[in-house]
Amino acid sequence: MFDNWMDRYQYIIDLGKALPTYPDEWKIADYKIEGCQSQVWIRPEVKEGKIHFAAISDAAIVSGLIALLVRIYSDRTAAEILATPPDFLAALGLDKHLSPTRSNGLHAMLERIFAVARAAS
């Protein structure tokens with residue numbers, strides 16, 4: 001969709017800015033993602049067989065990465081989540097353009113999402 005990485009980064013940041021409000025009372029240890037350089041929280045909620053993820057970060061680019069993950073994995077069944085590998089990251093080129101610490105954080109977020117899906121299945 002974009003020819004250069006600055007445009008892609010800006011788009012990802014804009015996605016993060018559009019995330020729904022994440023209440024301060026959800027910023028607790030149970031929802032915090034360890035392994036991220038930034039502060040990241042992901043709150044799962046299972047309703048009617050589907051898992052909804054609310055998430056936020058204190059860093060703009062990380063909030064954008066979370067927004068991508070929420071678009072792909074939120075409001076799906078555990079089976080749908082588990083059947084959707086994160087191949088889109090390579091297709092977008094994110095695996096080559098993120099710093100090692102951001103990449104580690106992204107993988108920690110994915111691990112949490114898949115752990116929630118495994119526990120719910």
Side-chain angles (χ1 to χ4, degrees):
M1 186 162 118
F2 299 104
D3 293 333
N4 68 59
W5 269 98
M6 290 310 294
D7 290 340
R8 287 185 193 189
Y9 276 125
Q10 187 58 53
Y11 179 72
I12 291 170
I13 288 168
D14 290 344
L15 287 176
K17 289 178 182 176
L19 281 170
T21 302
Y22 189 92
D24 285 338
E25 60 265 20
W26 292 353
K27 292 180 180 177
I28 60 174
D30 287 348
Y31 303 142
K32 190 169 183 187
I33 304 298
E34 297 300 326
C36 294
Q37 179 180 354
S38 307
Q39 302 257 11
V40 178
W41 295 270
I42 297 177
R43 180 183 180 268
E45 182 178 14
V46 180
K47 281 187 180 177
E48 299 177 10
K50 294 189 176 186
I51 304 170
H52 174 79
F53 295 99
I56 197 69
S57 174
D58 63 350
I61 189 73
V62 178
S63 283
L65 294 172
I66 290 169
L68 282 173
L69 297 181
V70 167
R71 278 190 176 191
I72 302 288
Y73 295 109
S74 193
D75 299 319
R76 303 200 184 278
T77 66
E80 290 171 326
I81 292 169
L82 295 172
T84 308
D87 298 339
F88 62 93
L89 297 175
L92 293 172
L94 287 174
D95 56 337
K96 295 177 184 162
H97 287 89
L98 292 177
S99 68
T101 54
R102 294 250 192 270
S103 183
N104 289 341
L106 179 60
H107 290 290
M109 291 182 265
L110 281 164
E111 285 176 24
R112 175 68 60 88
I113 288 168
F114 279 89
V116 167
R118 282 190 299 275
S121 64

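Keep in mind that what you see is a predicted model, and the values were worked out from it rather than measured.
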### Message
Does anything in residues 63-88 form a ring-ring contact (aromatic ring centres under 6.0 Å, His included)? List the pairs, not counting sequence neighbours.
### Response
Tyr73-Phe114
### Summary
CD1 of Ile113 to OG1 of Thr84, rounded to nearest 0.5 Å, is 11.0 Å
### Message
Quick check: closest heavy atoms across Ile51 and Ala117, and the distance to 0.1 Å?
### Response
CD1-CA, 3.8 Å
### salt bridge (Lys or Arg N to Asp or Glu O under 4.0 Å) contacts in which one or both residues fall within residues 43-52, not counting sequence neighbours
Arg43-Glu45, Glu45-Lys47
### Task
Would you list the pairs meeting side chain to side chain donor-acceptor pair (under 3.5 Å) in which at least one residue belongs to residues 112-121, sequence neighbours left out?
none
### Message
Tell me every residue that passes side chain to side chain contact (heavy atoms under 4.5 Å, CB included) with Arg102, counting only those two or more places apart in sequence or in another chain.
### Response
Gln37, Ser38, Ile61, Val62, Leu98, Ser99
### Message
Considering only residues two or more places apart or on different chains, which pairs with a residue in residues 19-28 satisfy salt bridge (Lys or Arg N to Asp or Glu O under 4.0 Å)?
### Response
Asp24-Lys27
### Query
Rounded to the nearest 0.5 Å, how far does CG of Leu65 lie from CG of Leu15?
9.5 Å
## Note on the structure
Residue pairs passing the ring-ring contact (aromatic ring centres under 6.0 Å, His included) test with at least one member in residues 22-42, sequence neighbours excluded, are Tyr22-Trp26
### Task
Check Ser63 against Leu19 and note the closest heavy-atom contact, atom names and distance.
O-CD1, 3.5 Å
### Message
Suppose we screen for side-chain hydrogen bond (donor to acceptor under 3.5 Å, both in side chains). Which residues come up paired with Asn104, at least two apart in sequence or across chains?
### Response
none
## Note on the structure
Residues at least two apart in sequence or cross-chain that pass salt bridge (charged side-chain N to carboxylate O under 4.0 Å, His left out) with Asp30, listed by chain then number, are none
### Task
Please test Leu69 against Leu106 for side-chain contact (heavy atoms from CB on, under 4.5 Å), starting from the C-alpha separation and ending with a verdict.
CA-CA 9 Å; Leu69 297 181; Leu106 179 60; 3.8 Å; yes
### Query
Sequence neighbours excluded, which residues qualify as side-chain hydrogen bond (donor to acceptor under 3.5 Å, both in side chains) partners of Gln39?
Lys32
### Message
Going by the rule side-chain hydrogen bond (donor to acceptor under 3.5 Å, both in side chains), which residues pair with Asp75 if we only count those two or more places apart in sequence or in a different chain?
### Response
His52
